[in-house]
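Below is one structure; the comments refer to it alone.
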Amino acid sequence: MAREMEHHRAHYLERFLSDDCIATMALRSSDPTGLQSGVAKPSRNSRKKKKQKKRKEAIDDFPVIPEDPVAEQCGNDSSGTVVESTSENYGIRDNGNVNKISCVGSGSVVVVEESVCQNVCGFGELRQRNVIGGGEEMAAVASRAEEDRAEMNGSKEPLPPAQPEPVVNGNVANKLDTAESLDWKRLMSEDPNYLYAVHKSPAKYFLDEMYSGNSLRRTTTLGSEKERERVYDTIFRLPWRCEVLIDVGFFVCFDAFLSLLTIMPTRILIKLWRFLTARQFKRLSAAELCDFGCFLVLACGVILLGQTDISLIYHMIRGQGTIKLYMVYNVLEIIDKLCQSFGGDVFETLFNSAEGLATCSQENMRFWIRRFVSDQALAMAFSILHSFILLAQAITLSTCIVAHNNALFALLVSNNFAEIKSNVFKRFSKDNIHNLAYADSVERFHISAFLLFVLAQNILEAQGPWFESFLFNAFVVFFCEMLIDIIKHSFLAKFNGIKPIEYSEFLEDLCKQTLNMQTEDSKKNLTFVPLAPACVVIRVLTPVYAAHLPYSPLLWRLFWILFLISVTYVMLTSLKVMIGMGLQKHATWYVNRCRKRKHHLHFD
């Protein structure tokens, strides 16, 4: 088999080189001086055509795949110069031989040598040498080629692969791989990254696995100080700062709620007293217009909610079997968040119209009055709708607490984990997380209003010992809400690259808002309109007060009504003063602290 392959190889090479010799002899006979000058004379056009035809036939008989652009230019250069090609030693010997092809043209010589090894399956190696110059350079190349051929003929072993030499145009001659470089098994055995050899036994594999390092090295990476800080931020630092921010936001909402129930009625009474004593109408200021507008919305909301039958809504929600209670609560909560977001814009529009009406001229008075009335009607309708949504949500929560089939736990689990799923695995920016923290503060205040509704219902209708059960359920609701908020913000910060220091900046903005300081972006302020929760709370507490009024003559009954209203007002005003002053002091301290330190510490 080896002799047959060697015979085919020799026959193949002799045919190629014999065809090349025919072309070379034709070139030499047509231009005897072409070797010195390198330029073919343009006379004898017929002979030139025959030479080109013979060369084309030789190329067609043996298609050559070019390995280098220099070798392709061996036939013709760019200037149209005919190149001479010589071939020598076209023979195959058993001990290996060297075949050499020299191409000379336009002052450059390319020598291509092919060595045939004793091994029939061996691969040849090509070397190219380019020399630019005249006759002296070509003579030197020829003498060097003769020396190389004599040296290779006297050697039994093939020449080592020659290093590629750079040519004039910047190209490097290509180097063909030898049989040794293509030996796959040898390469795999020498590769240090080849870990699992075929001959490795199971016992050796197990021992290597035991002593090779970390058992989870293939599925985990080595952490750094940055990763360690990230872990501790997620577990310890960020939950603390997040909870402080949400709690401060809750008290800001509570302060606004108390202002609506104490400050606004007081200012309206003072304005009415001045009007009655002076008996002279003056144009109202923007603040007074806002107070009257909010009072009108609050009064209409309380009157309409007073006409609703809470027990009827309670039995409707509890008796239906199509939708579960936690589904009803989730739907109402989504509508509540939409109303809260849009309600802030509605009341901002109302306050803007009040500002324009207070400062407009007499010519534009009608326009601003129509605008204020339309905005007032829109705010009233929207606030009443929001009040009914909050009342239905409070009744649903009360139904879950009163029920004895663990409906409260089902509601908390479904609602809270749906909140985590809808927020944690999404991409949030810093401003979105800022607004989300404020929304959590408003949500906690709404939950407090719902629990107050449950307390009032228990006072009116519960029988037997109920207070301990109410405290336990209220604690469970608040604890679950706090835990879910911490988990949600911790992983939101982790997935979105938010540092704990960002929550300190959020708290600084909230403190500046408490102090009525101008901030760079007004959209970062906490927006909360307490009219709808106030309507629900007043609607819930009114039956409680009415149940404790004496059934006496009308004057005595009116006296008790005024007395209870006065006591409630004093209590709410005292609570407003305490919470307001506490927020002011905390905001002043925190803003001064942030001014003194440009970089916040991890421990607040």
Side-chain angles (χ1 to χ4, degrees), residues 1-6 8-9 65 67-68 94-96 114-127 155-165 172-240 413 416-428 483-484 486-500 602:
M1 184 66 183
R3 287 184 176 274
E4 187 177 359
M5 292 180 63
E6 184 178 356
H8 284 296
R9 180 182 178 91
I65 300 175
E67 291 290 343
D68 192 81
D94 293 337
N95 57 350
E114 179 182 3
S115 64
V116 182
C117 305
Q118 296 177 1
N119 188 2
V120 177
C121 298
F123 292 91
E125 300 170 357
L126 301 179
R127 294 191 297 175
S155 176
K156 294 284 186 178
E157 300 178 355
L159 287 176
Q163 296 295 331
E165 299 180 29
V172 179
N174 290 336
K175 174 186 174 182
L176 296 179
D177 293 329
T178 61
E180 294 181 357
S181 61
L182 297 177
D183 190 358
W184 177 254
K185 292 184 178 180
R186 184 173 62 85
L187 289 176
M188 294 300 294
S189 61
E190 293 177 357
D191 188 7
N193 296 324
Y194 182 63
L195 300 179
Y196 187 73
V198 179
H199 62 275
K200 184 180 291 187
S201 63
K204 184 171 178 54
Y205 167 77
F206 184 75
L207 292 176
D208 291 344
E209 288 292 321
M210 287 184 59
Y211 296 104
S212 58
N214 187 8
S215 301
L216 302 178
R217 66 187 181 278
R218 293 189 180 90
T219 56
T220 58
T221 57
L222 184 63
S224 59
E225 274 305 312
K226 186 176 180 180
E227 292 295 330
R228 185 177 184 275
E229 290 291 326
R230 188 175 171 183
V231 169
Y232 279 84
D233 288 345
T234 304
I235 298 177
F236 298 107
R237 300 180 184 120
L238 194 139
W240 167 252
V413 169
N416 293 328
F417 281 94
E419 183 178 0
I420 290 178
K421 180 182 178 181
S422 61
N423 292 316
V424 169
F425 301 105
K426 292 182 180 180
R427 194 70 180 174
F428 281 86
L483 183 63
I484 293 302
I486 288 175
I487 294 174
K488 178 177 66 177
H489 282 276
S490 297
F491 284 95
L492 269 177
K494 177 183 180 296
F495 294 148
N496 295 278
I498 303 297
K499 301 290 184 181
H602 283 295

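Heavy atoms only: backbone and side chains are in, while hydrogens, waters and symmetry mates are out. Residue numbers count from 1 along this sequence.
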Rounded to the nearest 0.5 Å, how far apart are CG of N423 and CZ of F495? 12.5 Å
Tell me if the CZ atom of F428 is crowded by more than 12 foreign heavy atoms within 6.0 Å. yes
Please round to the nearest 0.5 Å and tell me the distance separating atom OG of S201 and atom CG of L207. 8.0 Å
Only counting residues at least two apart or in another chain, list the ones meeting salt bridge (charged side-chain N to carboxylate O under 4.0 Å, His left out) with K488. E419, D440, D485
Indicate the atoms forming the closest heavy-atom contact of H489 with L238, along with that distance. O-CD2, 3.5 Å
Quick one: closest heavy-atom pair of D233 and P239, and the distance? O-CD, 3.7 Å
Value rounded to 0.5 Å, distance of CG in L492 from NZ in K426: 10.5 Å
Roughly how far apart are E225 CD and R230 CZ, rounded to 0.5 Å? 14.5 Å
At their closest point, which heavy atom of I420 faces which heavy atom of I484, and how far apart are they? CD1-CD1, 3.6 Å
Nearest heavy atoms of S490 and T234, plus distance in Å: OG-O, 3.4 Å
